[in-house]
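Inspection log for the structure reproduced underneath, given as structure tokens.
For reference, positions follow the sequence shown, starting with 1. Since this is a predicted model, take the numbers as computed values, not measurements.
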Amino acid sequence: MEVNPPKQEHLLALKVMRLTKPTLFTNIPVTCEEKDLPGDLFNQLMRDDPSTVNGAEILMLGEMLTLPQNFGNIFLGETFSSYISVHNDSNQVVKDILVKAPCYSGEQEKARGSCLNRPYIFGRGDRRKQADLQTSSQRLNLSASNAAVAELKPDCCIDDVIHHEVKEIGTHILVCAVSYTTQGGEKMYFRKFFKFQVLKPLDVKTKFYNAESDLSSVTDEVFLEAQIQNITTSPMFMEKVSLEPSIMYNVAELNSVNQAGECVTTFGSRAYLQPMDTRQYLYCLKPKKEFAEKAGIIKGVTVIGKLDIVWKTNLGERGRLQTSQLQRMAPGYGDVRLSLEAIPDTVNLEEPFHITCKITNCSERTMDLVLEMCNTSSIHWCGISGRQLGKLHPSSSLCLALTLLSSVQGLQSVSGLRLTDTFLKRTYEYDDIAQVCVVSSAIKVES
């Protein structure tokens, strides 16, 4: 009959505690009016309470600090700090003490199998120990020192503080391994496992808007709207929310206004984000000068940049998140892009007016273009339709001055232009190029 040997008691004791900052003590004020039955009793009790603020006893926050009562929540982007202590509970001198503290994410937990389900693992002569922080993307050593301590006298301890910036969501396991040698020369080894969950602190949503070029720009601008929601249970102080653009773009933040020569944020003087509140940030990206004229390159750019978010919680605990590279849908300009460079805001009825169009070859081949102007029910083009524009090389542009008139009052859409590439016999039609306000010549329009 097989008999399991009893587990041997270890000479060392391992304690692991999470290091967090304290919180302000809160109480529930109880008060009443003087004409009520208790009179001034409740108010006097609050004045005598040492945890209340002198002169502001009815506030819930006090002047004292409260130590953490539980493990608490750990959020992505924060720094996980832990205090590790190995104490010699025996009356013997222990030699060659080595403490390791690797940490495993959820993926490594599955790979290691059922051994993680056992809270304690004892063994003899086992010198195989992991000393890395193992995640799906990197390995880091959490211990401050990998050197073994020569000896540890009775009732003495070895202390260490480890720090790690959490970069993955899900289950993490901190494995604390201790190996030592007894006075009799026997090598001993044991481990403890501490499992904790890493939660998501923010919900970030982004939207892209491809703006048509205005009268002064060469290529399109890209606007990014970032919606950031605090999904924790405590307020956050948003220290910084910035956009790091890709190599082809310059970025301008549109989250402040100029008042009396000073830059004032649009969110007011308080940058706190309450639980479940959402804040919207807006950024404008413009192509750099060296890429602005290369329409073919800008056309295919989908990577815009990444957001860098820094916040603080409670008593200044700092967190930081960086999103992955944000990508947009490339604007569908096609092979030939027609944009409007100049157009009057208001024109007179049945009187010719002038517009300036810009034609850009966004393809990688040379085109031979023919321009056709087709009248609509309200817009009539002046000039010869079907004229030859000549050859247009890749990434090259051509500006055209066109004349037209409107036979209908009101807000009219400029449409009816058609370009044909004679090389490939391919036609490109352009409708709703712009809108113009048409008024009667008898009405005087003040600018």
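In this structure, the separation between SG on Cys357 and CG on Leu398 is 10.5 Å, given to the nearest 0.5 Å. A distance of 8.5 Å separates OG1 in Thr420 from CD in Glu429, rounded to the nearest 0.5 Å. The SG atom of Cys157 sits 7.5 Å away from atom CG of Leu152, with the distance rounded to the nearest 0.5 Å. Gln412 CD to Cys437 SG: the interatomic distance, rounded to the nearest 0.5 Å, is 9.0 Å. One finds the CD atom of Gln325 at 9.0 Å from the CD atom of Glu244 (value rounded to the nearest 0.5 Å). Note that CG of Leu76 and CG of Leu202 are 9.0 Å apart. Values are rounded to the nearest 0.5 Å.
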Show your reasoning for whether side-chain contact (heavy atoms from CB on, under 4.5 Å) applies to Val178 and Lys192.
CA-CA 9 Å; Val178 180; Lys192 281 188 177 181; over 6 Å; no

Worked check of side-chain contact (heavy atoms from CB on, under 4.5 Å) between Ile359 and Leu400:
CA-CA 8 Å; Ile359 301 173; Leu400 295 176; 3.6 Å; yes

When you look at Leu411 and Val436, which way does the side-chain contact (heavy atoms from CB on, under 4.5 Å) test go after all the steps?
CA-CA 6 Å; Leu411 190 64; Val436 62; over 6 Å; no

Take Lys312 and Glu239 through the salt bridge (charged side-chain N to carboxylate O under 4.0 Å, His left out) test and state the conclusion after the steps.
CA-CA 7 Å; Lys312 290 182 179 179; Glu239 184 175 310; 3.4 Å; yes

Could you give me the CA-CA distance, side-chain angles and deciding distance for His10 and Phe190, then say whether ring pair (Phe, Tyr, Trp, His ring centres under 6.0 Å) is met?
CA-CA 8 Å; His10 281 270; Phe190 69 94; 4.7 Å; yes

When you look at Trp311 and Leu321, which way does the side-chain contact (heavy atoms from CB on, under 4.5 Å) test go after all the steps?
CA-CA 9 Å; Trp311 71 91; Leu321 282 181; 3.6 Å; yes

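A distance-only check finds a donor-acceptor pair linking the side chain of Ser246 to the backbone of Val303 [under 3.5 Å]. A distance-only check finds a donor-acceptor pair linking the side chain of Thr182 to the backbone of Glu186 [under 3.5 Å]. Arg279 places a side-chain N or O within donor-acceptor distance of the main-chain N or O of Tyr272, the cut-off being under 3.5 Å. Between the side chain of Ser82 and the main chain of Met17, a donor-acceptor pair closer than 3.5 Å is present. Remark: the backbone N or O of Asp432 is paired with a side-chain donor or acceptor of Ser415 at under 3.5 angstrom. Checked by atom type and distance alone, the side chain of Gln229 pairs as donor or acceptor with a backbone atom of Met276 at under 3.5 Å. The closest donor-acceptor contact from the side chain of Asn88 to the backbone of Lys153 lies under 3.5 Å. Between the Lys288 side chain and the Ile247 main chain, a donor and an acceptor come within less than 3.5 Å of each other.
Listed by chain and number, the residues in a side chain to side chain contact (heavy atoms under 4.5 Å, CB included) with Thr232 are Phe75, Pro201, Asn230, Ser234, Met236 (sequence neighbours excluded). In this structure Val93 satisfies the side chain to side chain contact (heavy atoms under 4.5 Å, CB included) test together with Glu151, Pro154, Gln183, sequence neighbours excluded. A search for salt bridge (Lys or Arg N to Asp or Glu O under 4.0 Å) contacts involving Arg18 returns nothing, not counting sequence neighbours. Checked against side chain to side chain donor-acceptor pair (under 3.5 Å), Gln92 has no partners two or more places apart in sequence or in another chain. Taking the salt bridge (Lys or Arg N to Asp or Glu O under 4.0 Å) definition, one finds that Lys200 meets it with Asp203, sequence neighbours left out. Taking Glu253 as the reference, Ser242, Asn255, Tyr283 meet the side chain to side chain contact (heavy atoms under 4.5 Å, CB included) condition, with sequence neighbours excluded.
No side-chain heavy atom of Leu11 sits less than 4.5 Å from a side-chain heavy atom of Asp89. Between Leu19 and Val161, the closest side-chain pair of non-hydrogen atoms falls below 4.5 Å. Inter-residue side-chain proximity for Tyr249 and Ile304 is flagged as met; some heavy-atom pair is nearer than 4.5 Å. Taking the side chain as every heavy atom from C-beta outward, Leu224 and Tyr209 never approach each other to under 4.5 Å. Side-chain atoms of Phe208 and Val222, non-hydrogen and from C-beta on, do get closer than 4.5 Å to each other. Side chains of Ile84 and Asp159 form no contact here, defined as non-hydrogen atoms less than 4.5 Å apart. Contact annotation: the side chain of Met367 approaches that of Val336 to within less than 4.5 Å [non-hydrogen atoms, C-beta and beyond]. Using a 4.5 Å heavy-atom threshold, the side chains of Val310 and Arg318 count as touching.
In plain terms, the two heavy atoms of Thr366 and Phe423 that are nearest each other are O-CD1, 3.4 Å. Between Asp308 and Lys240, the shortest heavy-atom distance links the atoms OD2-NZ, 3.1 Å. Of all non-hydrogen atoms in Leu14 and Cys176, the two that sit nearest each other are CD2-CB, 3.5 Å. The nearest pair of heavy atoms linking Met238 to Ile228 is CE-CG2, 4.4 Å. For the residue pair Gly305 and Leu243, the shortest heavy atom distance occurs at C-CD1, 4.3 Å. Counting all heavy atoms, side chain and backbone alike, Cys399 lies closest to Lys358 at SG-CG, 4.2 Å.
Environment of CD in Glu262: sparse, with no more than 12 heavy atoms of neighbouring residues, nucleotides or ligands closer than 6.0 Å.
For Tyr180 and Tyr189, the distance between ring centers is not under 6.0 angstrom. Aromatic ring centroids of Phe267 and Tyr281 lie under 6.0 Å apart. Ring centroids of Phe196 and His172 are separated by less than 6.0 Å, placing the two rings close together.
Side-chain contact, Glu225 with Gln280: a donor N or O sits under 3.5 Å from an acceptor N or O. The closest side-chain donor-acceptor pair between Gln197 and Thr171 falls under 3.5 angstrom. For the 3.5 Å distance criterion, the side chains of Ser396 and Asn361 fail to qualify, holding no donor opposite an acceptor. There is a side-chain donor-acceptor pair under 3.5 Å between Thr360 and Ser397. Residues His163 and Thr79 bring no donor and acceptor atom of their side chains to less than 3.5 Å of each other.
Salt bridge Asp431/Arg418: absent, no basic N to carboxylate O contact under 4.0 Å. At a threshold of 4.0 Å, the pair Glu317-Lys21 does not count as salt-bridged, since none of the basic side-chain nitrogens sits closer than that to a carboxylate oxygen.
Among Asp335, Asp368, Asp421, the one residue that satisfies the salt bridge (charged side-chain N to carboxylate O under 4.0 Å, His left out) test with Arg426 is Asp335.
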